[in-house]
Amino acid sequence: MKKLNIIKVGGNIIDDELKLAQFTKNLSLLEEPFILIHGGGKLATDLAEKLNIPQQLVDGRRITSADTLKIATMTYAGFINKNIVAQLQQYNVNSIGLSGADGNLILSKQRDKHPIDFGYVGDITKESINITLLKNLIDLQLTPIICAITHDKKGQLLNTNADEIANTVACSLSESFDVELIYCFEKNGVLLNPEDDNSVIEQLNEVAFLSLKEKGIINKGMLPKLENCFNALKEGVTQVGIINASNIVNFITKSTSNGTQIK
Ligand SMILES: Nc1ncnc2c1ncn2[C@@H]1O[C@H](COP(=O)(O)OP(=O)(O)O)[C@@H](O)[C@H]1O
Ligand SMILES: CC(=O)N[C@@H](CCC(=O)OP(=O)(O)O)C(=O)O
């Protein structure tokens, strides 16, 4: 099967002009096709706070009021998505920016209001992804750049966690491609000591993860990320990694071992 890389990049890279510039340049060096899924939670939080709209995240998910949904849509589907596409175009990566509503790419269902009302947050499954559209775009040698806004096909936009979109897109394409899923962020991988960037756990399995979670060594945004990683391996994704965004080329070409390989 043909190799396909599903790459997720998070808000701390996106919000750093230099790191994002280096990252998009590195993506242009990849020889295999890829799909990029991006977050941008940090910029949405900063913007909402400037507008005096308080933000709350529960288990890494944003409680999304009508006002917050507007900010999320303008931030993720607007500025961030188009900025990444423009950055890639300068290196001749012919990319196309999409929300889940575009081309009916990602259909979601508003999360149940019990036990916690998350507001306009959408949940997705493998069946939510329009894989025909993604395959057609790849055949046309267009690189999809996907943001964290989805829709319910009843006219409502919904906010969906970008880690979950990356996992679900990877799983949905794993029957058609040899899929590698890579989460890129600002640290060197999953760390044994979150204060020490040199304490990278090179290989992490689910048993070790549960023990580190219990000890509080793995917490916050890393919890949903790792849950998505283990789910991807169970659903047929061939390889899953969590790495520093600056290591993307080395990690994919396997020229050096860096970051955390999920086993
Ligand atoms: N053991 C750990 N190793 C690395 N990061 C960790 C660990 N435990 C918690 N984290 C936190 O998880 C964060 C990554 O999750 P998140 O903020 O959701 O990233 P992103 O926006 O890139 O998806 C890191 O910035 C770090 O603060
Ligand atoms: C429902 C939900 O939590 N959506 C996320 C989508 C963006 C995201 O996931 O951004 P990062 O990858 O930068 O964290 C949010 O609004 O924060």
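Counting starts at 1 for both ligands and their atoms, in listed order. Each residue takes its place number in the sequence, starting with 1. These values consider heavy atoms only, across backbone and side chains, with no hydrogens, waters or symmetry-generated copies.
Within ligand 2, counting atoms from 1 as listed, the ones closer than 4.0 Å to a heavy atom of Gly60 are 3 (O). Distances below 4.0 Å separate heavy atoms of Lys8 from the following atoms of ligand 2: 12 (O). Numbered from 1 in the order shown, with element, the atoms of ligand 2 that lie under 4.0 Å from a heavy atom of Gly39 read 8 (C), 10 (O), 11 (P), 12 (O), 13 (O). Short contacts between ligand 2 and Arg61, defined as distances under 4.0 Å to a heavy atom of the residue, involve ligand atoms 3 (O). The distance from ligand 1 to the heavy atoms of Asp163 drops below 4.0 Å at these ligand atoms: 23 (O).
The heavy atom nearest to atom 4 (C) of ligand 1, considering only Ala166, Pro194, Gly221, Gly189, is found in Gly189. Considering His38, Lys225, Glu186, Glu195 only, the shortest heavy-atom separation from atom 20 (P) of ligand 1 involves Lys225. Evaluated by nearest non-hydrogen atom to atom 26 (C) of ligand 1, the leading choice among Lys187, Lys220, Lys213, Met222 is Lys187.
At least one N or O atom of Asn159, backbone or side chain, sits closer than 3.5 Å to an N or O atom of ligand 2. Between Asp163 and ligand 2, no N or O atom pair is found at a separation short of 3.5 Å. Of the polar atoms of Ala162, at least one N or O is found under 3.5 Å from an N or O of ligand 2, judged by distance alone.
More than 12 heavy-atom neighbours from other residues, nucleotides or ligands sit within 6.0 angstrom of CD on Gln156.
Not a single heavy atom of Lys42 sits less than 4.0 Å from an atom of ligand 2. Using a non-hydrogen distance threshold of 4.0 Å, Gly221 does not register as a contact of ligand 2. Taking a 4.0 Å cut-off on heavy atoms, Phe118 fails to register as neighbouring ligand 2. For the pair Gly11 and ligand 1, a heavy-atom separation below 4.0 Å is found. The shortest heavy-atom distance from Gly10 to ligand 2 is under 4.0 Å. Assignment of Gly40 to the shell around ligand 2 is supported, since a heavy atom sits closer than 4.0 Å. Using a 4.0 Å cutoff on heavy atoms, Lys8 counts as a contact of ligand 1.
Here Lys126 pairs with Glu235 in a salt bridge; the nearest charged N to carboxylate O distance falls below 4.0 Å.
Of the protein's non-hydrogen atoms, Gly41 N, 4.4 Å is the one closest to atom 14 (O) of ligand 2. Atom 3 (O) of ligand 2 has Arg62 N, 2.8 Å as its closest protein atom, hydrogens excluded (heavy atom only). From the protein, the heavy atom lying nearest to atom 8 (N) of ligand 1 is Asn219 N, 3.3 Å. Shortest contact from atom 13 (O) of ligand 2 to any protein heavy atom: Gly11 N, 2.7 Å.
Inter-residue side-chain proximity for Lys8 and Ile165 is flagged as unmet; no heavy-atom pair is nearer than 4.5 Å. Side-chain atoms of Ile145 and Leu98, non-hydrogen and from C-beta on, never get closer than 4.5 Å to each other. Side-chain atoms of Asn244 and Asn258, non-hydrogen and from C-beta on, never get closer than 4.5 Å to each other. Met222 has its side chain within reach of Ile242: a pair of non-hydrogen atoms, C-beta onward, lies under 4.5 Å apart.
Of all the heavy atoms of Thr160, the ones lying under 4.0 Å from any atom of ligand 2 belong exclusively to the backbone.
Within the 3.5 Å criterion, the main-chain N or O of Gly78 finds no donor-acceptor partner in the side chain of Asn81. Here the side chain of Asn130 pairs a donor or acceptor atom with the backbone of Gly103 at under 3.5 angstrom.
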